[in-house]
Amino acid sequence: MIDFLMSPIDPSRVHEVGFAVSWHGRFMVLAWGVLAPLAVMAARFFKILPGQDWPRQLDNQVWWRSHWMGHSLVVGLSIFSLVLVLPSNWSNLSVHGMLGYTILIGLLVQILLGIFRGDKGGPTQPKPDGSLRGHHYDMTRWRRIFEALHKSLGYGLLGLGVITILFGLWHANGPVWMWFLLILWWIILVGCFVFLQRRGFAVDTYQAIWGPDETHPGNRGPKPGWAVKRPSESMKEKDVTDVRNDRGHRVRSH
């Protein structure tokens, strides 16, 4: 059994890679096989943490920090891994290489989208003059376009990353144990995704940040994202009113 696991996936070829290629593979698997999907899942399922007293406790930023910090590591590891194996002859790029450069271009687009996504606004981040206006708080057309592009491109790059890793593993003729561990890890991730989705952890970002009160402009429009629920859908009108009065009392007391 050990001999089988240690043997290359294609017995007709040897598994011999140099220092640069081996570390390129390790860093890319860490970036796109581990960190990227975890950062996506953090953003999708942990906008409201278990045990958080929502909607009295709003704007939990654990998911946000996990998302941007995780993807910052992905960017850094991707650039460093590229430098390790930067080809001297662009005409001999493999399918793995072409897919890799496609992902890096998509990653650049994601960075630009993040930079130009607009301001936040709202009660948690008002302007110096006290105005609550902001692209996110007002859910402007640009904010809706940004969210649609950012999420669609993100999931697309995640899927393309998996395919690219598999092409790279085949190209390097990786041993069976690498294939086994990677596929097992991805099965676990998919299982966690399905479990969290069915348990209703995928909630509307807007309400997670600002609550269910319809005085917030974004709560009066359609909710963004596929298979995302608004937490207020399971609340009774009395609960919404109680929270509104409670927050108003705390504001006056300060």
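Just so it is clear, the structure is predicted and the values come from calculations on it, not from any experiment.
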Q: Return the minimal non-hydrogen interatomic distance between Leu132 and Pro126, and the atom names on each side.
A: CD2-CB, 4.0 Å
Q) Which distance, rounded to the nearest 0.5 Å, do you find between the CE of Met28 and the OG of Ser81? A) 4.5 Å
Q.
Here's one to test your reading of the geometry: is the NZ or CZ of Arg117 within 45 degrees of the ring axis of Trp142 and under 6.0 Å from its centre?
A. no
Q.
Taking CZ in Arg26 as the centre, count heavy atoms belonging to other residues, nucleotides or ligands within less than 6.0 Å. Is the count above 12?
A. yes
**Q.** Whether Tyr206 and Tyr137 hold their rings parallel, tilted or perpendicular, with breakpoints at 30° and 60°
**A.** parallel
Q. Under 6.0 Å from the CZ atom of Arg198, do we count more than 12 heavy atoms belonging to anything else shown?
A. no
Q. So, Asn173 side chain and Pro8 main chain: donor-acceptor pair closer than 3.5 Å or not?
A. no
Q. So with a 6.0 Å cut-off around OH of Tyr155, is the heavy-atom count from everything else above 12?
A. yes
Q: Report yes or no: do Thr215 and Asp213 form a side-chain donor-acceptor pair below 3.5 Å?
A: yes
Q: Answer yes if Leu184 and Leu158 sit in the same cluster of Ile, Leu, Val, Met, Phe, Trp and Tyr residues linked by side chain heavy atoms under 4.5 Å apart, and no otherwise.
A: yes
Q: Find out whether Arg230 and Val203 are in side-chain contact, i.e. whether some heavy atom of one side chain is under 4.5 Å from a heavy atom of the other.
A: no
Q. Taking it one step at a time, do Asn219 and His216 satisfy side-chain contact (heavy atoms from CB on, under 4.5 Å)?
A. CA-CA 6 Å; Asn219 286 332; His216 303 308; 3.8 Å; yes
Q.
Quick check for you: to the nearest 0.5 Å, what is the distance between Gln110 atom CD and Ile105 atom CD1?
A. 13.5 Å
Q.
Under 3.5 Å, is there a donor on one side chain and an acceptor on the other for Asp119 and His135?
A. yes
Q) For the residue pair Leu157 and Leu107, what are the closest heavy atoms and their distance? A) CD1-N, 3.9 Å
Q: Go through the steps to decide whether Leu169 and Trp179 satisfy the test side-chain contact (heavy atoms from CB on, under 4.5 Å), and finish with yes or no.
A: CA-CA 8 Å; Leu169 202 54; Trp179 293 81; 3.6 Å; yes
(Q) For Phe146 and Phe116: C-alpha separation, side-chain torsions, deciding distance, then whether ring pair (Phe, Tyr, Trp, His ring centres under 6.0 Å) applies. (A) CA-CA 9 Å; Phe146 159 74; Phe116 296 106; over 10 Å; no
(Q) Can you tell me how far apart CD1 (Ile9) and CH2 (Trp177) are? Round to the nearest 0.5 Å. (A) 13.0 Å
Q) Hey, is CZ on Phe167 packed in by over 12 heavy atoms from elsewhere, all under 6.0 Å? A) no
Q. Minimum heavy-atom separation for Ile209 to His136, with atom names?
A. CD1-CE1, 3.7 Å
Q | Distance-minimising heavy-atom pair for Ser131 and Asp129 | A | N-OD1, 2.9 Å
**Q.** From Met178 atom CE to Leu5 atom CG, the distance as rounded to the nearest 0.5 Å
**A.** 12.0 Å
Q: Examine Val29 and Ile183 and state if one hydrophobic cluster contains both, with Ile, Leu, Val, Met, Phe, Trp and Tyr joined whenever side-chain heavy atoms are less than 4.5 Å apart.
A: no
Q) Could you state the interatomic distance from CG (Leu160) to CG (Leu153), rounded to the nearest 0.5 Å? A) 10.0 Å
Q) Roughly how far apart are Gln52 CD and Asn60 CG, rounded to 0.5 Å? A) 5.0 Å
Q.
As a test of understanding, state which of Gln125, Lys47, Lys120 forms a side-chain hydrogen bond (donor to acceptor under 3.5 Å, both in side chains) with Asp59.
A. Lys120
(Q) I'd like to know if Lys229 and Asp204 make a salt bridge, using a cut-off of under 4.0 Å between side-chain N and carboxylate O. (A) no
Q.
Under a 3.5 Å cutoff, is there a donor and acceptor pairing between the side chains of Ser78 and Trp32?
A. yes
Q: Could you go through the side-chain contact (heavy atoms from CB on, under 4.5 Å) check for Thr124 and Leu58 one step at a time?
A: CA-CA 9 Å; Thr124 58; Leu58 297 172; 5.7 Å; no
